[in-house]
Amino acid sequence: MTSVEDQLKILTAGTVDVISEVDLKKKLSAGKPLRVKLGIDPTASDIHLGFTVVLRKLRQFQDLGHTAVLIIGDFTAQVGDPTGRSVTRPPLTQEQVDAHAATYVEQVQSILDFTPGRIEIVRNSEWLSKIDMGGVLRLMSQTTLARILERDDFTKRYQEGSPISLSELVYPLMQGWDSVQVRADVELGGTDQLFNNLMGRQLQGAEGQAPQVVITTPLLEGLDGVKKMSKSLGNYIGIAEAPGEQFGKLMSIPDALMPRYFALTTGWLPERVAAVVASIESGELAPVAAKRLLARTIVDLYHGEGAGKSAEDEFDRIFKDGSAPTDVEEFVITSGEFPITLARLLATAGLATSNKEGRRKIEQGGVRIEGEKVTDPDVEVTAEEINGKLLQLGKRAWARIIVS
RNA sequence: GGGUCCGUACCCGAGUGGACAAAGGGGGCUGGCUGUAAACCAGCUGCGUAAGCUACGGAGGUUCGAAUCCUCCCGGGCCCA
């Protein structure tokens, strides 16, 4: 087994908070596999690059012989984590939660070790749906309103006069109770989870358990380069997204963000990251080349070796040469629809949400048929004229029209 | 429970009887430029070929005419209890 000192070095690298390192050392020194908790709220169906930061940290624990305890927050998802939120989350149905949870577990396999014994996956409804009012009150007496309200997100909402549901105030307690239930030795999370995770420490202490070590990892900025990557902000790159999508999205991140992306998402050793960053700064590696390298690396990571190169070729074909992608989706239109105006054709093929919008796109010069720009939205085409032709909207949307 | 203020398009937000399909910003889209799906600049952004239709929390009402006035209902903030 790796020495305690080496483990400490690996496990604390790239983290923001470790509370506390002394505790972690003590726990590691006991020589037993630690139970390392990570909670996932199944509020959306995709795992994104930002979340892989903490997943990779969890994987490091697994590789050192510790046990990953993945908690699917199916119960807490019904309340909604108020962290960083300015509004109450809408409650999810059981079906949505189940579907999201299934997708999560599937996607997480590309990062975590699923060898039996290395991972446990549990749902927090197992215990949270059973706790009675007495139990809830006991938990609530462990904290005070002042402590809960210290949090920025609540303070802000309170000052703004936005509604805050009491159930949201209890959220950190539920998450803390999870730690008690799974007897967590360590809990991982993004820096925004610090408050919630510290609650776990306190509740464990009150229940006579050794308090968990809380480790936080940095939050990755999303495509906009400012706000954290999140599903609800729509600025994310999903690990299950198509190679072309991932490549393109990565190419669009602000240049200044590249070092962070290399450091947090590639899984590279710090020395390798430092070397790349240095060559960018010295001008040896052009920004665009660096970004391509990043994009290839990430696509390879989630779609297999070589997928990055293919995605890059495709990207060049589309955006550099301006030609159509190799596989354009076919769109079948029944012959009864013809003759049809170009505006309506666009809407029928799903490239516009309405005829009106199709009309606008054509008038703006954004529509091509077989590479030829069309200008009159009212022109009618017959089935024979359009069958098999390539319809293009803007730089990023195509449909091959098939008449049946 | 009482009082008071509020609810506007994807989001924020102006509008308080006609000139309102509704200012402004964000987002999104299209075009230009570019190493880039970045940045920047310009245009577009309810539906309908059109006449017109539908839309300012919901339902009624007043009026020639309502997002704007009245009644009730639903949702929210604040103050008092």
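Each chain gets a letter, A, B and so on, in the order its sequence line appears, and its residues count up from 1.
- With B:U36, B:U45, B:G35 as the candidates, the nucleotide lying closest to the side chain of A:Pro287 is B:G35.
- Nucleotides B:A23 and B:A39 have their C1' atoms positioned 28 Å apart, rounded to a whole Å.
- Across every strand in view, B:G17 sits unpaired, with no contact that passes the Watson-Crick or G-U test at under 3.5 angstrom.
- Here B:G35 presents its P atom at 18 Å from CD1 of A:Ile253, a figure rounded to the nearest Å.
- A distance of about 29 Å separates the C1' atoms of B:G1 and B:C69, rounded to the whole Å.
- Taking 3.5 Å as the limit, the base of B:U36 and the side chain of A:Lys291 contain a donor-acceptor pair of atoms between them.
- The gap from the P atom of B:A38 to that of B:A22 amounts to 30 Å, rounded to the nearest Å.
- Remark: A:Ser354 is in phosphate contact with B:C47, judged by side-chain N or O atoms under 4.0 Å from OP1 or OP2.
- Using a 4.0 Å heavy-atom cutoff across all strands shown, A:Gly365 reaches sugar-phosphate atoms only and no base atom.
- Under the 3.5 Å distance criterion, the side-chain polar atoms of A:Asn235 are matched with a main-chain donor or acceptor of A:Lys228.
- Note: CG (A:Asp224) to P (B:U36) measures 21 Å, nearest angstrom.
- Protein atom CZ of A:Phe319 is 10 Å distant from nucleotide atom P of B:U30, rounded to whole Å.
- B:G57 and B:C10: their P atoms are spaced 13 Å apart (whole Å).
- Considering only side-chain atoms of A:Arg360, the nucleotide from B:C29, B:C44, B:A37 that sits closest is B:C44.
- Looking at heavy-atom distances under 4.0 Å, A:Gly244 makes contact with a base.
- In this structure, A:Ser252 and A:Lys361 both approach RNA chain B, and ranking their closest nucleotides by distance from the 5' end singles out A:Lys361.
- B:U36 is unpaired under the criterion used here, namely a Watson-Crick or G-U wobble arrangement in which both key atom distances are under 3.5 Å.
- Distance check on atom C1': B:G15 versus B:C6 gives 15 Å, rounded to whole Å.
- Taking the P atoms as reference points, B:G61 lies 30 Å from B:C47, given to the whole Å.
- A:Lys356 has its NZ atom 13 Å from the P atom of B:G52, to the nearest Å.
- The only option from A:Val328, A:Leu342, A:Val367 that meets the side chain to side chain contact (heavy atoms under 4.5 Å, CB included) definition with A:Leu391 turns out to be A:Val367.
- With C1' as the reference atom, B:U8 and B:C20 are 12 Å apart, rounded to whole Å.
- Using N1 to N3 plus N6-O4 or O6-N4 for Watson-Crick, or N1-O2 and O6-N3 for G-U wobble, each under 3.5 Å, B:U71 pairs with B:A59.
- If you find the closest nucleotide of RNA chain B to A:Asp255 and to A:Gly366, the one lying nearer the 5' end belongs to A:Gly366.
- Look at B:G27: its Watson-Crick or wobble partner, with both distances under 3.5 angstrom, is B:U45.
- A:Asn355 comes within 4.0 angstrom of the backbone, heavy atoms only, and of no base.
- A donor N or O paired with an acceptor N or O is not found under 3.5 Å between the base of B:G35 and the side-chain atoms of A:Asp316.
- If you take CD of A:Glu357 and P of B:C44, they are 15 Å apart, rounded to a whole angstrom.
- Under the ring-ring contact (aromatic ring centres under 6.0 Å, His included) rule, A:Phe247 has a single partner from A:Phe319, A:Phe315, A:Tyr302, which is A:Phe315.
- The pair A:Glu187-A:Lys37 meets the salt-bridge criterion, since a charged nitrogen lies less than 4.0 angstrom from a carboxylate oxygen.
- At the heavy-atom level, A:Lys320 lies nowhere under 4.0 Å from the strands shown.
- Contact annotation: side chain of A:Gln364 to base of B:G43, donor-acceptor pair present below 3.5 Å.
- Ring geometry for A:Phe51 versus A:His48: interplanar angle over 60°, hence perpendicular rather than tilted (30 to 60°).
- Computed from coordinates, the A:Ile298 CD1 to B:A37 P distance equals 20 Å when rounded to whole Å.
- For A:Arg292 and B:A38, the shortest distance from a side-chain N or O to OP1 or OP2 is not below 4.0 Å.
- Between the side chains of A:Lys57 and A:Gln60, at least one donor N or O lies within less than 3.5 Å of an accepting N or O.
- Other residues, nucleotides and ligands place more than 12 heavy atoms under 6.0 Å from the CD atom of A:Glu370.
- One finds no salt bridge joining A:Arg317 and A:Asp313 here, because no Lys/Arg side-chain nitrogen approaches an Asp/Glu carboxylate oxygen to under 4.0 Å.
- Rounded to whole Å, the distance from CG on A:Leu257 to C1' on B:A37 is 15 Å.
- Taking the C1' atoms as reference points, B:U16 lies 14 Å from B:C70, given to the whole Å.
- A:Arg344 comes within 4.0 angstrom of sugar-phosphate atoms only, judged by non-hydrogen atoms across all strands, and of no base.
- Counting to the nearest Å, the P atom of B:G28 and the CG atom of A:Leu223 are 10 Å from each other.
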